[in-house]
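Notes follow the structure.
In what follows, every chain begins at residue 1, and chains take the letters A, B, ... in the order their sequences are listed. Quick caveat, the model's predicted, so the values are computed rather than measured.
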2 protein chains.
Amino acid sequence: MENPPMIGKNIQKIRMRNSLTLNVLSERSGVSKAMLSQIESDKVNPTVATVWKIARGLGVDLQDLLDVEAGPKRKFVINRSEMSASLDTGENGVMIKVLSPLEMAGDIEVYILQFDSKCSLPSEPHYSGTEEYLTVLKGSVKVTAGNNTTELHKGDFLAYHCDIFHTIENASASPAVVHMVVRYYQQHHQKR
Amino acid sequence: MENPPMIGKNIQKIRMRNSLTLNVLSERSGVSKAMLSQIESDKVNPTVATVWKIARGLGVDLQDLLDVEAGPKRKFVINRSEMSASLDTGENGVMIKVLSPLEMAGDIEVYILQFDSKCSLPSEPHYSGTEEYLTVLKGSVKVTAGNNTTELHKGDFLAYHCDIFHTIENASASPAVVHMVVRYYQQHHQKR
DNA sequence: GAAATTTGTTCAATATAATGAACACAGCAA
DNA sequence: TTGCTGTGTTCATTATATTGAACAAATTTC
């Protein structure tokens with residue numbers, strides 16, 4: 001969204017579609033008829049509370065009145081060879097492959113984690129609201145978040161919040177492979 | 001969304017997370033420091049234009065400031081045995097295991113797809129904005145979306161929009177296994 | 001320690017969102 | 001024609017969002 005949203009036309013479109021009159025919408029929403037007219041012709045900058053009332057009166061969600069720009073559809077193919085070089089985490093024995101391309105960073109990221117025997121991968125807390133989805137492809141691992149430990153074996157799936165310190169550990173004598181998805185609810189950006 | 005949104009706390013949370021001061025955010029957004037303070041303490045009903053400026057200054061989308069508080073934190077462990085029975089798709093030869101629990105349906109869903117040799121899985125268009133993330137765990141598959149076909153081999157990763165008719169096909173003579181994540185951008189809601 | 005800088009908060013003034021009433025223009029009935 | 005009922009638009013007033021400056025409290029600097 002590059003420009004301030006043009007809510008006026010959206011509201012009018014939805015109102016027309018439902019064959020509602022300004023008087024009726026005014027009654028249903030609690031917003032004066034005059035205000036509705038001025039908003040629809042983009043003559044004023046309405047308050048979010050007012051727009052919310054209108055959305056309620058129309059029976060739609062607030063998001064529907066704000067311009068939801070479709071945004072460019074993305075399609076990324078990452079061949080195994082083009083894949084970004086494996087990261088080393090300082091902790092030895094863990095190989096991290098980033099499957100998702102850089103353009104998706106901060107939105108949703110996909111990794112393959114390869115654990116040697118007897119090694120672990122600690123993680124700092126991510127941004128609040130972030131979630132991780134683990135699928136064990138080979139071997140078994142122990143996931144500890146806070147004071148909560150879960151043991152996972154091949155084929156198991158785990159979804160958990162990761163805004164606290166957490167660690168993934170392979171305590172067994174054989175290697176383990178984990179598919180991991182990190183999803184950021186609100187995209188983060190550079191620090192000051 | 002049943003009550004008018006509490007944008008104040010959301011704005012403050014994001015600003016704090018990025019260690020931004022009111023002065024800095026004021027410069028970046030073009031909204032006065034005084035206004036920012038009052039908005040964060042929910043003392044006024046800001047204009048949509050103002051909130052949009054703030055979102056721009058924070059580098060986030062307008063939706064992120066209006067979003068209702070992120071519900072209860074979830075943690076799901078799905079053992080391989082407890083996993084929902086494999087779905088049959090009508091098309092023979094494709095086994096679909098749903099890793100993510102029912103509570104996550106419509107938000108983000110995780111599957112393991114097992115393809116026998118020479119079989120395919122067609123899919124109706126999902127909701128607009130939906131994306132799929134494929135990781136090939138074994139074998140190779142061909143993904144066709146619209147008139148666009150991509151060939152993937154073991155270890156490859158693919159991210160693509162799936163609001164059009166698309167199909168995943170295993171043309172080879174050996175079975176294939178695919179890890180698939182479906183992510184719905186806007187939660188769908190009831191029509192009027 | 002005191003002064004200077006930075007934090008976020010309130011204050012009075014201004015710009016403007018929001019309102020109810022009056023308005024203009026339609027279609028429709030006598 | 002003359003009303004009459006409904007549409008959406010402007011008008012004058014009120015309510016309030018927004019601002020720059022002044023403010024107090026915490027932190028840094030000398």
**Asked** For C:dT10, does OP1 or OP2 lie under 4.0 Å from any side-chain N or O of B:Ser37?
**Response** no

**Prompt:** End-to-end bend of the helix from C:dG8-D:dC23 to C:dA30-D:dT1 (five-pair axes, 10° rounding)?
**Reply:** 20°

**Asked** Side-chain N or O of A:Thr47 less than 4.0 angstrom from OP1 or OP2 on C:dA18?
**Response** yes

**Fill in**
The nucleotide from C:dA21, C:dA17, D:dT18 with an atom nearest the side chain of B:Val44 is D:dT18

**Asked** Looking only at atom types and distance, does a side-chain atom of B:Ser37 sit under 3.5 Å from a main-chain N or O of B:Lys33, one as donor and one as acceptor?
**Response** no

**D:dT7 phosphate, OP1 or OP2, under 4.0 Å from A:Arg15 side-chain N/O** = no

**Message:** In this structure, how many angstroms lie between the P atom of C:dT19 and the CG atom of A:Leu36, rounded?
**Reply:** 8 Å

**Request:** Inspect the contact between A:Arg15 and A:Glu40 and indicate whether a charged nitrogen and a carboxylate oxygen are less than 4.0 angstrom apart.
**Result:** yes

**Request:** Applying side-chain contact (heavy atoms from CB on, under 4.5 Å), name anything that partners B:Ser117, two or more places apart in sequence or on another chain.
**Result:** none

**Request:** Whole angstrom is fine here: how far is it from CD1 in B:Ile39 over to C1' in D:dT16?
**Result:** 13 Å

**Message:** Need one value for A:Thr50: base, sugar-phosphate or nothing, where a base atom within 4.0 Å counts as base even if backbone is also close, heavy atoms only.
**Reply:** sugar-phosphate

**Prompt:** For B:Pro46, does its backbone N or O pair with a side-chain atom of B:Thr50 as donor and acceptor, under 3.5 Å?
**Reply:** no

**Rounded distance (Å) that lies between atom C1' of D:dA24 and atom CG of B:Leu22** = 15 Å

**Item:** Which nucleotide in D:dC11, C:dT7, C:dT9 has an atom nearest any side-chain atom of B:Lys33
**Value:** C:dT9

**Sidechain-backbone polar pair: A:Ser26 side chain, A:Val31 backbone, donor-acceptor under 3.5 Å** = yes

**Message:** Quick check on D:dT16: is either OP1 or OP2 less than 4.0 Å from any side-chain nitrogen or oxygen of B:Asn45?
**Reply:** no

**Prompt:** With a non-hydrogen cut-off below 4.0 angstrom, is B:Gln38 in contact with a base, only sugar-phosphate, or nothing?
**Reply:** base

**Heavy-atom closest contact (B:Lys53 atom, B:Gly30 atom, distance)** = NZ-O, 4.5 Å

**Request:** Using whole Å, report how far CG of B:Asp42 lies from C1' of C:dG8.
**Result:** 16 Å

**Request:** For A:Ser174, check side-chain contact (heavy atoms from CB on, under 4.5 Å) against everything at least two apart and list the hits.
**Result:** A:Ser172

**Message:** Give me the atom names and distance for the closest heavy-atom approach of A:Ile7 to A:Leu65.
**Reply:** CG2-O, 3.3 Å

**Item:** Nearest-nucleotide comparison on DNA chain D, the residue closer to the 5′ end among B:Lys43 and A:Thr21
**Value:** A:Thr21

**Request:** Could you please name the option among D:dA17, D:dG8, C:dT10 that lies closest to any side-chain atom of B:Ala34?
**Result:** C:dT10

**Asked** Rounded to whole angstrom units, what separation is found between the CE atom of A:Met35 and the C1' atom of D:dG8?
**Response** 14 Å

**Fill in**
Taken to the nearest whole Å, CD/A:Glu40 to P/D:dT10 is 13 Å

**Item:** Residue-phosphate contact under 4.0 Å: A:Asn23 side-chain N/O, D:dG6 OP1/OP2
**Value:** no

**Message:** Without decimals, in angstroms, what is the distance between A:Leu25 CG and D:dT9 P?
**Reply:** 13 Å

